[in-house]
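Bear in mind that the values here come from a model prediction, so they are computed numbers and not experimental data. We're numbering straight along the sequence, starting at 1.
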Amino acid sequence: MNNHIKSVTAETTDLSRRSFLVGTAATGLVLGYAGVPGIGEALAAPQNFEPSVWYAIAPDGLVTVTCGKADMGQHIASTMAQIVAEELGAKWSDMRVQLASNDPKFNDPVLGAQITGGSWSTMMNFEAMSRAGAAGRIALTEAAAAAMGLPPYFKDELVVRDSMVSHPKSKKSMSFADIVKSGKATKTFTPDELKAIKLKTPDQYTMIGVSVPQLDIPSKTNGTAKYGIDVMIPGMAYGAVVTPPVRFGATVKSVDDSAAKKVPGFIKAVTLDDKTGTTSGWVVAVAGTYANAKKAAQALKIAYDGGPNAKVSSQSLLDEAMRLQKQEDSGQFFVKDGDPAAAFGTAAKVLEAEYTTSINIHAPMEPMNATAEFKGEILHIYSGNQFATRSGAIAAGAAGIDPKFVVMHQMWLGGGFGRRLDADMMIPAVQAAKAIGKPVKVIYTRENDMTMDFSRPLTYQKVKAGVDGDGKLVALSHDVVSAWPTARWGIPDFLTPSVDKKGPLDSFTVNGADFFYTVPNHHVRAIKNEMAHNATPSGQLRSVAPGWTFWAVESMIDEIAAAAGKDPAQFRISLLDGAGKNDGGAQRLRNTLLAAMGLAGYGTRKLPTGEGMGVACVSSQERATASWTACVAHVAVAPSGNVTVKKLTVATDVGTQVHPDNIRAQVEGAALWGLSLAMYEKATLKDGGIEQTNFDSYTPLRMSQVPEVAIAVIANGEKATGVGEPAVTVIAPAIGNAIFNASGARVRALPITAEAVKSAMKA
């Protein structure tokens with residue numbers, strides 16, 4: 001069995017640099033799997049018919065779809081089943097779902113590694129899962145023709161619907177169950193044969209576009225769905241981690257466990273020796289129960305060396321970012337079109353602005369957790385994870401074993417949002433289990449999770465724009481300074497060659513800055529803040545770079561429009577002319593903006609004093625995998641600077657919508673997350689440590705602060721796009737622009753505070 005991910009090129013989607021998804025073998029990162037007896041067999045009994053590795057049809061007619069994506073409440077497992085069911089012709093009540101293990105057979109040559117992020121899942125899986133479903137339908141049809149004694153040429157007259165194959169002329173029919181039991185369904189397909197299958201056109205859909213019941217909800221409501229925190233293994237112990245006061249770089253000098261030994265059931269205090277570099281300065285207290293493990297952890301007396309980051313603060317990170325931006329030779333170019341410097345020299349008006357965002361924390365509701373068990377030389381990991389490929393390698397590194405001896409048991413996720421792309425929770429579980437010779441479950445406290453989160457990085461952006469005498473945008477330069485979350489992963493294929501040939505850059509820190517507006521002279525520079533990179537190891541938080549790049553871009557576009565005396569919405573429309581490389585995408589973005597404006601009634605009525613509407617439109621997350629989204633925010637600004645968001649109107653172009661209700665839920669949730677980031681969420685660093693430790697000091701959006709949210713979904717039959725994250729990115733700039741229209745106050749820092757608004761009003 002080949003334990004390495006094949007390096008191939010995705011054929012169904014133009015993924016640009018997303019080729020890393022199927023090329024990670026070149027980096028030495030492998031998806032371990034030992035071929036342990038019982039794992040593969042449990043997924044599909046021999047009597048099942050498996051038209052594809054992604055689903056099996058049992059003799060009772062039930063169709064079980066295996067989802068290779070992490071399901072964290074976005075119902076992606078049901079979405080995959082719905083796509084299969086459409087082409088297969090299965091009855092929805094016959095569909096079931098399960099989550100994939102890290103068996104190498106799930107390293108699909110088209111779908112690539114097991115990673116869930118970027119709003120890619122439906123976008124990147126739609127065609128492959130459709131072809132898998134169609135292949136099953138063809139195989140069942142041919143088998144039914146043979147079983148019913150029909151000549152082969154009659155197979156084109158067969159009708160497949162509701163898990164039945166029927167021949168109207170002869171009035172013969174067979175259920176999927178009977179066909180499977182007949183044993184005649186054996187046809188397999190080569191990749192070329194799969195590619196040649198003619199799929200349904202949107203007008204032929206009977207399942208796609210229908211809000212069917214989500215398949216995962218019954219098990220999640222009756223308690224049979226198993227999350228990582230639910231894992232129970234006979235004889236297992238529990239681990240509670242003790243983390244240092246410094247986010248990263250601290251080391252343990254000594255551990256006094258004399259008081260911990262008085263805690264009932266205390267087993268051992270294990271100081272982590274993490275060769276993967278994921279954690280530093282951690283100790284895990286192991287005991288017979290979680291309550292006692294926590295008591296033992298609190299009883300440990302640990303002396304630390306704070307390391308090189310012990311005095312770093314949010315202000316020092318920002319100061320360093322500003323210093324780096326001023327250096328002309330720092331960073332690499334992500335976009336380098338034309339000559340902005342020359343254009344600024346002849347521009348009628350030049351504007352400059354600085355935009356900042358704070359450190360932000362994921363804080364999923366299910367605490368981070370993992371359970372590790374060694375069975376001989378095989379390491380079993382039970383955890384909900386968004387990146388099984390990388391996580392398996394990290395677990396192996398923590399154990400000091402070959403990744404092929406790691407079996408990952410994927411669990412349902414109680415929230416992820418990018419947090420579970422990382423595998424830090426596996427390291428204490430693995431090393432504790434190895435140290436005591438028993439399975440160990442590690443559960444983070446909320447304080448552990450918040451202070452050791454792989455957070456959204458603090459960012460600093462400098463934008464300069466020039467307009468000609470007619471108010472036309474002729475030049476824009478944009479510098480983005482931040483930690484580089486993707487570079488931290490150490491996987492070269494995740495990085496993007498810079499256009500100035502200075503070396504690779506982390507495009508996941510600048511995506512969105514390469515917008516679809518037509519600007520003849522446009523430069524974007526990505527600058528790595530090494531201080532932030534080292535002191536606050538950052539991760540991918542829902543929306544990734546567009547969460548900050550569009551904050552700057554869409555705010556600056558409004559500032560330019562105001563300086564030119566133009567309506568900001570109409571100014572955007574004029575820039576979305578589809579010229580050159582922006583052909584196609586600009587038109588779709590323009591349409592979403594018009595849809596949002598129409599639904600919100602933008603510009604159709606006079607608002608009361610102190611109220612205003614603001615617009616923004618984005619192509620999140622990346623140009624190659626864009627989802628076209630626009631927002632009109634309606635706010636009221638009090639003389640005190642307090643801002644009330646009255647309504648958010650969001651329009652999004654999803655191409656093909658699989659499940660309308662789920663799409664609306666995803667867009668609404670993303671919009672509210674965007675509102676939370678825009679107005680309420682902020683983490684700060686002091687003396688190398690995150691100051692906010694729970695929801696009393698880190699304050700996401702509360703229910704009482706939720707405004708009216710109106711959604712317009714554009715389904716035009718194009719390829720399906722992602723919906724989980726794009727709306728996050730459009731909210732903050734729309735609110736900021738609305739605040740300006742309501743009060744004249746221009747805010748440039750997230751989160752937006754009453755103090756900042758009041759100060760800007762005075763200015």
Side-chain angles (χ1 to χ4, degrees), residues 47-52 54-67 75 77-97 122 125-189 193-194 196-215 656-662 715 717 720:
Q47 68 269 29
N48 291 352
F49 172 49
E50 294 188 55
S52 162
W54 297 110
Y55 69 98
I57 308 173
D60 60 4
L62 295 181
V63 182
T64 300
V65 174
T66 299
C67 180
H75 304 298
S78 280
T79 297
M80 295 298 102
Q82 194 168 351
I83 296 169
V84 169
E86 176 63 69
E87 290 287 350
L88 180 61
K91 186 164 52 177
W92 188 243
S93 60
D94 290 340
M95 301 300 292
R96 302 291 186 271
V97 291
T122 299
N125 285 258
F126 187 92
E127 183 174 339
M129 298 302 276
S130 294
R131 293 192 181 282
R137 183 189 71 245
I138 293 169
L140 290 169
T141 300
E142 293 185 4
M148 290 188 290
L150 299 173
Y153 53 84
F154 276 24
K155 71 178 187 297
D156 293 335
E157 299 177 358
L158 296 176
V159 176
V160 184
R161 184 179 298 123
D162 292 334
S163 300
M164 296 287 297
V165 179
S166 305
H167 186 241
K169 288 184 179 179
S170 66
K171 298 189 174 3
K172 293 182 177 181
S173 64
M174 288 184 75
S175 67
F176 283 7
D178 289 337
I179 298 169
V180 172
K181 283 186 284 192
S182 76
K184 295 184 179 296
T186 59
K187 183 178 178 62
T188 60
F189 292 79
E193 288 172 333
L194 280 172
I197 293 174
K198 184 178 180 180
L199 299 176
K200 291 182 179 180
T201 54
D203 60 295
Q204 297 173 311
Y205 290 155
T206 59
M207 181 68 67
I208 299 296
V210 179
S211 296
V212 294
Q214 302 285 10
L215 297 176
T656 296
Q657 62 175 344
V658 177
H659 193 290
D661 283 354
N662 194 41

- [ ] Determine, stepwise, if the pair Met129 / Val65 fulfils side chain to side chain contact (heavy atoms under 4.5 Å, CB included).
- [x] CA-CA 10 Å; Met129 298 302 276; Val65 174; 4.1 Å; yes
Look only at the side chain of [X] and the backbone of [Y], and say whether a donor-acceptor pair between them is shorter than 3.5 Å.
X      : Y      : value
Ser211 : Asp661 : yes
Trp92  : Ala85  : no
Arg96  : Leu62  : no
Gln82  : His659 : no
Tyr55  : Met95  : no
His75  : Ser78  : no

If you look at every heavy atom in [X] and [Y], which pair is closest and at what distance?
X      : Y      : result
Lys187 : Ala139 : CB-CB, 3.9 Å
Ala90  : Met207 : O-CE, 4.1 Å
Pro51  : Gly136 : CB-CA, 3.6 Å
Ser170 : Leu150 : OG-CD2, 4.2 Å
Met174 : Ala147 : SD-CB, 3.5 Å
Met148 : Leu158 : CE-CD2, 3.9 Å

- [ ] Show your working on side chain to side chain contact (heavy atoms under 4.5 Å, CB included) between Asn48 and Thr64 and close with a plain yes or no.
- [x] CA-CA 10 Å; Asn48 291 352; Thr64 300; over 6 Å; no
Any side-chain heavy atom of [X] sitting closer than 4.5 Å to one from [Y]?
X      : Y      : answer
Ile83  : Asn125 : no
Leu140 : Leu88  : yes
Thr186 : Phe49  : no
Tyr205 : Val210 : no
Trp54  : Val84  : no

TODO: Show your working on side chain to side chain contact (heavy atoms under 4.5 Å, CB included) between Thr79 and Phe126 and close with a plain yes or no.
DONE: CA-CA 9 Å; Thr79 297; Phe126 187 92; over 6 Å; no
- [ ] Just grab all the salt bridge (charged side-chain N to carboxylate O under 4.0 Å, His left out) pairs involving residues 56-67, residues at least two apart or on different chains.
- [x] none
Open item on the list: With salt bridge (charged side-chain N to carboxylate O under 4.0 Å, His left out) as the rule and sequence neighbours excluded, what pairs involving residues 166-183 come up?
Closed with: Glu157-Lys169, Asp178-Lys181
Task: side chain to side chain donor-acceptor pair (under 3.5 Å) partners of residues 132-146, not counting sequence neighbours, each pair once - done: Glu87-Arg137
TODO: Under the side-chain hydrogen bond (donor to acceptor under 3.5 Å, both in side chains) rule, collect the residues that match up with Asp156, sequence neighbours excluded.
DONE: none
Open item on the list: Holding to side-chain hydrogen bond (donor to acceptor under 3.5 Å, both in side chains), I want the full list of residues that pass it with Ser163, two or more places apart in sequence or in another chain.
Closed with: Asp94
TODO: Working to the nearest 0.5 Å, report the span between CE of Met80 and OG1 of Thr66.
DONE: 12.5 Å
TODO: Indicate whether any N or O donor in one side chain lies under 3.5 Å from an N or O acceptor in the other, for Gln204 and Thr201.
DONE: yes
Open item on the list: Going by the rule salt bridge (charged side-chain N to carboxylate O under 4.0 Å, His left out), which residues pair with Lys200 if we only count those two or more places apart in sequence or in a different chain?
Closed with: Glu86
Task: Audit row: Ile179, Ile57, side chain to side chain contact (heavy atoms under 4.5 Å, CB included) steps and yes/no - done: CA-CA 10 Å; Ile179 298 169; Ile57 308 173; over 6 Å; no
